[in-house]
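Quick note on labels: first sequence line is chain A, next is B, and so on, each numbered from 1. None of these values were measured; they are calculated from a predicted model.
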Amino acid sequence: MTAMESITLKKLKERFPDSIIDTHSFRGDDTAIVKKEDILKICKFLRDDNELLYNFMMDLTAVDYYGREPRFEVVYHLYSLKYNMRVRIKVPVPESDCTTDSIIPVWIGADWFEREAYDLYGIIFKGHPNLKRILLYEEFEGHPLRKDYPVRGRQPLIGPKN
Amino acid sequence: MEKGGTGMGINIAMSNEQRAMGAGQEEGIEKVLGNSVLLTKLDEIIGWGRKYSFFLYPFITACCGMEFMSLAGPRYDLDRFGSALPRFSPRQADLLMVVGTISHKQAPILVKVYNQMTEPKWVFSFGVCATSGGFYDNYATVQGIDTLIPVDVYVPGCPPRPEMVIDGLLKLQQKVAKERWSDWPRGEAPVTKNK
Amino acid sequence: MTDLAKNLHTEHMVINMGPSHPVTHGTVKFLVTLDGETIVDFVVEIGYLHRGFEKMCENSTWEQVFPYTDRLNYLSPIINNVGYALAVEKLIGIDTPERCKYVRVIVSELSRLADHLTNVAASGLELGAFTAFLYFVEARDLVWDLLESVCGARLTSNYVRIGGLKNDLPDGFKEQTKEVFKRCRELWIDVDKLLTKNRIFIDRLKDVGIMPPDEAIAWGFTGPCLRASGVPYDVRKAQPYLVYDQIDFEIPIGEKGDNFDRYLVRMEEINQSMRIVEQALDKLPDGPINVDMPEYRWQSKDDIYTKIESLIFHFKTVTGGIRVPPGEVYFPVEGANGEVGFYLVSDGSGKPYKCRVRPPCFPLTAAMPRMIKGALIADIVPTFDMIHMIGGECDR
């Protein structure tokens with residue numbers, strides 16, 4: 001990217017000046033950190049605006065910044081097929097109110113990705129039709145990808161513990 | 001078959017006589033006749049038949065499954081050892097090949113399949129993930145299927161070369177050939193029996 | 001007869017195509033609600049091969065992650081290795097020498113070949129075409145021989161390093177590749193004759209599992225399944241990495257988005273991959289294959305045993321891990337199944353803070369109910385085969 005800011009970040013800042021907490025382009029990846037209450041509006045705008053057209057939701061994941069407040073960050077990677085550009089949207093989610101809106105109304109493919117983020121991190125997506133565990137079994141307690149869960153914390157359904 | 005030709009005829013007649021005398025006395029007869037040539041010949045023939053006709057149940061989960069496909073392919077042919085046909089029903093299989101990592105979510109299913117298999121049955125642990133959990137020492141992986149079911153042959157490797165698996169199969173054949181009539185039945189897997 | 005059909009009391013039956021099933025590649029459970037043989041409802045349950053890839057990566061150094069990436073898409077492991085190495089190199093900000101890029105392209109395409117060969121072989125097997133399975137497993141074994149001569153292992157290669165490769169191509173590689181490709185092309189023609197115009201194969205695959213392009217994009221499809229729906233998206237052409245912009249190849253695009261198109265796209269990609277490897281071998285430049293920065297890629301054993309700086313760097317990077325500057329990066333690579341993206345977060349230490357892989361077959365499996373509702377139960381087999389879900393990648 002040149003010294004000029006990319007069109008995505010510029011349009012986001014124009015349209016939602018209060019929702020954007022921060023932007024940067026580290027190593028050429030456009031990133032915008034937005035408030036979690038506005039994520040649905042922002043996603044709809046990114047998908048429908050004629051100069052952006054982000055029709056692919058490539059990835060949805062979460063990161064646990066243990067020891068920092070807000071603790072979690074939900075990360076969305078988007079791709080626009082027509083304009084061949086990528087953007088990363090990050091939504092900080094505090095541990096005390098570990099919820100955010102589900103973006104299934106915008107891209108239906110977000111369904112399983114959100115279930116996985118719930119399963120492994122414990123972030124609840126409001127409005128998700130079927131928020132159940134997907135990679136682990138129902139009887140599992142805890143969320144293993146959090147930094148305070150031990151690597152070897154086995155909870156076997158059958159058989160000895162170790 | 002020449003080895004046990006006439007002998008086999010005599011053995012069957014003897015066994016019928018023994019059965020006619022009552023099942024409880026079979027133990028006594030075995031103790032008396034013990035390692036005599038009649039019963040051992042029967043064991044040998046049955047072992048010979050069993051070792052050259054394994055019906056595999058390939059319980060495939062992960063990467064080792066690709067080496068299993070190669071094993072069943074034309075270059076490393078499993079058909080030459082008599083175990084060509086995979087039987088995908090536990091009732092029809094007698095060799096459970098656990099191929100790949102077993103996670104804790106999959107573990108009850110493995111034990112159920114093992115319990116559903118009819119005896120005699122053997123378990124072949126294919127790959128290091130089935131043997132001991134591999135390098136996945138974490139919250140999701142069973143650290144070796146021998147914590148759940150009794151295993152006969154362990155073949156480590158990530159994934160093992162097909163030649164290693166064939167070596168393991170030959171060792172299993174030697175083991176099966178030496179088995180005795182009284183080894184079976186053994187009952188269900190220890191992990192469900194002791195509940 | 002029509003009165004009888006109206007008054008006949010029927011119930012829907014729920015059957016379980018359980019996790020240990022040959023068709024579900026051993027790691028997926030389908031709960032199928034049937035009305036006769038028509039599928040009314042379809043629920044997919046995955047997670048039976050969850051091995052904790054991300055948690056293991058957070059507890060290993062940056063170099064120790066490579067074997068874990070091998071076992072993600074275990075049919076084309078080198079593509080995962082290359083994707084991870086490129087992502088870390090982007091995060092650090094280094095560029096590898098030209099020869100290294102060409103060799104990475106060559107081994108990536110060989111891996112992609114192995115993946116597509118296995119997919120067509122397995123689909124043939126599950127539909128009853130056992131001969132196609134045998135032919136393509138023979139071809140795959142030959143390709144694996146090539147990979148074994150390069151990196152020592154048939155399947156889990158662990159070949160790529162951050163800032164270079166483990167070792168250079170062996171002598172005589174070009175001639176060996178020529179012979180292998182001659183045989184592969186013969187086998188390709190054989191399997192093409194067996195399957196592509198086969199009445200039974202066409203009947204089972206055509207017009208089944210259709211996915212229109214807009215919905216495919218909304219679900220997050222990438223790779224051959226998306227290209228079969230008519231969307232011309234390939235990361236190698238859209239955002240070229242390594243030396244793909246200097247090599248001449250085509251990407252096949254389908255029309256309808258049914259299973260038969262996916263099969264045709266994969267068969268044509270086999271040919272294109274062979275073309276790419278041959279061109280790359282012709283253009284292969286001489287030079288080093290590792291970047292000359294001992295703090296990221298340790299030097300040759302001669303140097304380590306004689307020079308003190310090489311020894312110190314080797315010791316520090318092996319025991320503590322290389323020091324990657326803090327930040328985050330996302331790097332997409334065209335895997336055999338779709339876009340494999342690595343999202344890495346670094347906090348400046350020797351271990352990744354987060355190492356996420358975007359699994360291409362995760363949205364494909366999620367869209368199975370959409371593709372299969374209303375079809376017959378026998379259509380589950382070709383649809384699931386053509387999606388090519390790989391447990392190691394979907395469940396990680």
Got more than 12 heavy atoms from elsewhere within 6.0 Å of NZ, A/Lys82?
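No - once you tally the heavy atoms of other residues, nucleotides and ligands closer than 6.0 Å, there are 12 at most.
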
More than 12 heavy atoms of other residues, nucleotides or ligands under 6.0 Å from NZ of B/Lys112: is that the case?
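No, the 6.0 Å shell around NZ holds no more than 12 heavy atoms from other groups.
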
Aromatic rings A/Tyr137 and A/Phe140: how do their planes relate, parallel, tilted or perpendicular, breaks at 30° and 60°?
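Judged by the thresholds at 30° and 60°, the geometry between A/Tyr137 and A/Phe140 is perpendicular.
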
Within-4.5 Å side-chain heavy-atom neighbours: A/Ile123 and A/Thr100
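With C-beta onward as the side chain, the pair touches.
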
From the options A/Lys132, A/Arg146, A/Arg133, select the one residue that forms a salt bridge (charged side-chain N to carboxylate O under 4.0 Å, His left out) with A/Asp119.
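Testing each of A/Lys132, A/Arg146, A/Arg133 against A/Asp119, the sole residue satisfying salt bridge (charged side-chain N to carboxylate O under 4.0 Å, His left out) is A/Arg133.
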
Looking at A/Phe45 versus A/Phe16, is the centre-to-centre ring distance below 6.0 Å?
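Yes, ring centres under 6.0 Å apart.
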
With a 4.5 angstrom heavy-atom cut-off, which part of A/Leu135 approaches chain B: side chain, backbone, both or neither?
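Backbone only.
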
Are there residues of residues 87-111 of chain B whose heavy atoms fall under 4.5 Å of chain A's heavy atoms? If so, which?
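Listed by number, the contacting residues are B/His104, B/Lys105, B/Ala107, B/Pro108, B/Val111.
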
